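Notes to accompany the following structure.
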Amino acid sequence: MSRTTFLNVDDTKAGMADLDKEKINKLIQEASKNSKFFKQQQRREEENRRRIEVKLSKIKSFSNFQIEQAEKSADRYLNQLDKTRDLSRIFCHIDMDAFYASVEMRDNPTLQHVPMAVGGEGMLSTSNYLARQFGVRAAMPGFIARHLCPNLVIVPCDFEKYRTDSSKIMKIISEYDENYGSCGLDEAFADLTNHLQIRKTLSEEQRTFPKEENSIQTIIFGITAEETVQEIRHRIYLTTRLTASAGIACNMRLAKLCSDINKPNGQYQLESNVNIILNFIRNLPIRKIKGIGKVVFLS
DNA sequence: GCGGATCAC
DNA sequence: TATGGTGATCCGC
Ligand SMILES: Nc1ccn([C@H]2C[C@H](O)[C@@H](COP(=O)(O)OP(=O)(O)OP(=O)(O)O)O2)c(=O)n1
Ligand SMILES: [Mg+2]
């Protein structure tokens with residue numbers, strides 16, 4: 001995610017699709033103006049630009065032979081990857097919606113319908129979807145957020161609480177893949193391939209859960225990946241009363257990209273078909289790839 | 001190893 | 001008034 005500096009909001013978060021970015025950036029810039037912080041960021045930008053220049057001049061000094069060799073080796077590598085491509089597995093990525101903010105809203109219903117954020121006057125960790133309408137987002141200082149949204153309610157961070165909910169979520173996910181992995185408190189990856197095999201043999205009862213906590217009405221979940229992930233999200237909701245979004249695809253990276261698509265409280269499955277996947281990747285902004293942050297992007 | 005830079009949540 | 005906490009990786013030393 002991009003930090004809020006004089007350098008603008010450069011990407012779009014869930015819930016912020018059609019905002020007037022121009023106006024928001026102007027407001028932020030106005031508020032940041034002549035601060036010490038602003039000037040230090042400017043110096044760092046300058047330094048980065050210089051380093052990029054150095055790299056570029058190095059690239060120019062490569063001989064044609066060197067470039068040919070590098071291209072050949074890259075081609076060999078790509079060939080190898082082509083052969084080892086595995087579309088047979090099914091991964092899912094679970095990502096809680098506005099996690100810290102949702103926890104606070106659940107525990108204090110008066111926050112339910114107001115724009116709010118979690119953090120302090122100095123820095124916000126996240127905001128709820130109402131606040132995102134104003135351009136208020138994670139990694140934005142609280143006092144700047146107030147310029148964008150004067151009625152913003154800011155509640156302090158309570159890591160202990162988020163950790164508690166997180167471990168409940170992870171416990172559920174571990175039932176579908178004991179080797180699941182987590183990323184931060186609010187995200188998890190699971191390889192559902194094995195579970196989906198076993199799932200075929202489960203009784204309907206084992207795929208049945210109450211519609212609400214303490215309700216006699218029930219929901220029966222089917223045996224497809226899509227229904228399995230719906231079941232996971234529903235179980236998370238039953239135990240935490242928090243909503244999650246999910247992505248399903250043949251590897252973790254793709255699954256993560258998919259979990260953003262129908263956020264909040266939705267899921268998306270990418271078909272495990274080479275052409276469909278390549279087409280999906282073709283349309284990706286380069287910044288969405290893991291490891292390409294603001295600095296690398298500029299090079 | 002350690003500090004600096006980068007990235008991600 | 002005021003620009004984080006936490007955790008991970010890579011790199012050069
Ligand atoms: N710069 C950041 C980004 C995130 N977080 C914390 C607060 C978030 O609640 C949590 C999860 O990060 P996400 O990127 O998944 O954002 P949210 O879950 O808040 O919102 P979304 O619905 O877009 O997933 O991590 C943080 O402390 N600092
Ligand atoms: Mg999230």
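Chain naming here is simple, since letters A, B, ... match the order of the sequence lines and numbering starts at 1 in each. For clarity, every value in this text was computed on a predicted model and none was experimentally measured.
Set against C:dA2, B:dT6, B:dC9, the side chain of A:Asn48 has B:dT6 as its closest nucleotide. Listed nucleotides: B:dC9, C:dG4, C:dT3. Nearest to the side chain of A:Asp186: B:dC9. Of the candidates B:dT6, C:dT3, C:dG4, C:dT3 carries the atom nearest the A:Ile144 side chain, counting heavy atoms from C-beta on. The side chain of A:Lys290 sits closest to B:dA8 out of C:dA2, B:dA8, C:dG4. In the set C:dG4, C:dA2, B:dA5, B:dA5 carries the atom at the smallest distance from any side-chain atom of A:Arg51. Side-chain proximity of A:Lys256 to B:dA5, B:dC9, B:dA8: nearest is B:dC9. In this structure, of C:dT3, C:dA2, B:dT6, it is C:dT3 that holds the atom nearest to the side chain of A:Pro141. Distances from the side chain of A:Phe37 to the nucleotides C:dT3, B:dC9, C:dG4 place C:dT3 closest.
Looking at heavy-atom distances under 4.0 Å, A:Ile292 makes contact with sugar-phosphate atoms alone, never a base.
Taking atom NZ of residue A:Lys288 and atom P of nucleotide B:dC9, one finds them 10 Å apart after rounding to whole Å. Rounded to an integer number of Å, the gap from A:Lys55 NZ to C:dC11 P is 11 Å. At whole-Å resolution of the value, CG in A:Leu124 and P in C:dG4 are 12 Å apart. We find that CD1 of A:Ile52 is positioned 14 Å from C1' of B:dA5, with the value rounded to whole Å. Note: OH (A:Tyr162) to P (C:dT6) measures 13 Å, nearest angstrom. Between A:Phe143 atom CZ and C:dT3 atom P the separation is 6 Å, expressed in whole Å. For A:Arg44 and B:dC7, the CZ to C1' distance is 12 Å, given to the nearest whole Å. Distance, A:Ile154 CD1 to C:dA2 P: 16 Å, rounded to whole Å.
Residues forming a side chain to side chain contact (heavy atoms under 4.5 Å, CB included) with A:Ala255 (at least two apart in sequence, or on another chain): A:Phe91, A:His93, A:Ala249. Evaluation of the side chain to side chain contact (heavy atoms under 4.5 Å, CB included) rule for A:Ile223 yields A:Arg199, A:Lys200, A:Arg207 as partners, not counting sequence neighbours.
Judged purely by distance below 3.5 Å, without hydrogens or angles, the side chains of A:Ser245 and A:Asp95 never pair a donor atom with an acceptor atom.
Mapped onto DNA chain C by nearest heavy atom, A:Glu121 and A:Arg163 fall at different nucleotides, with A:Glu121 at the one closer to the 5' end.
Below 30°, between 30° and 60°, or above 60°: for A:Tyr100 and A:Phe159 the angle between ring planes is above 60°, a perpendicular geometry.
Remark: the A:Ser125 side chain and the C:dG5 base include no donor-acceptor N/O pair separated by less than 3.5 Å.
Heavy-atom contacts from other residues, nucleotides or ligands closer than 6.0 Å to NZ of A:Lys161 number more than 12.
B:dA5 and C:dG4: their P atoms are spaced 16 Å apart (whole Å).
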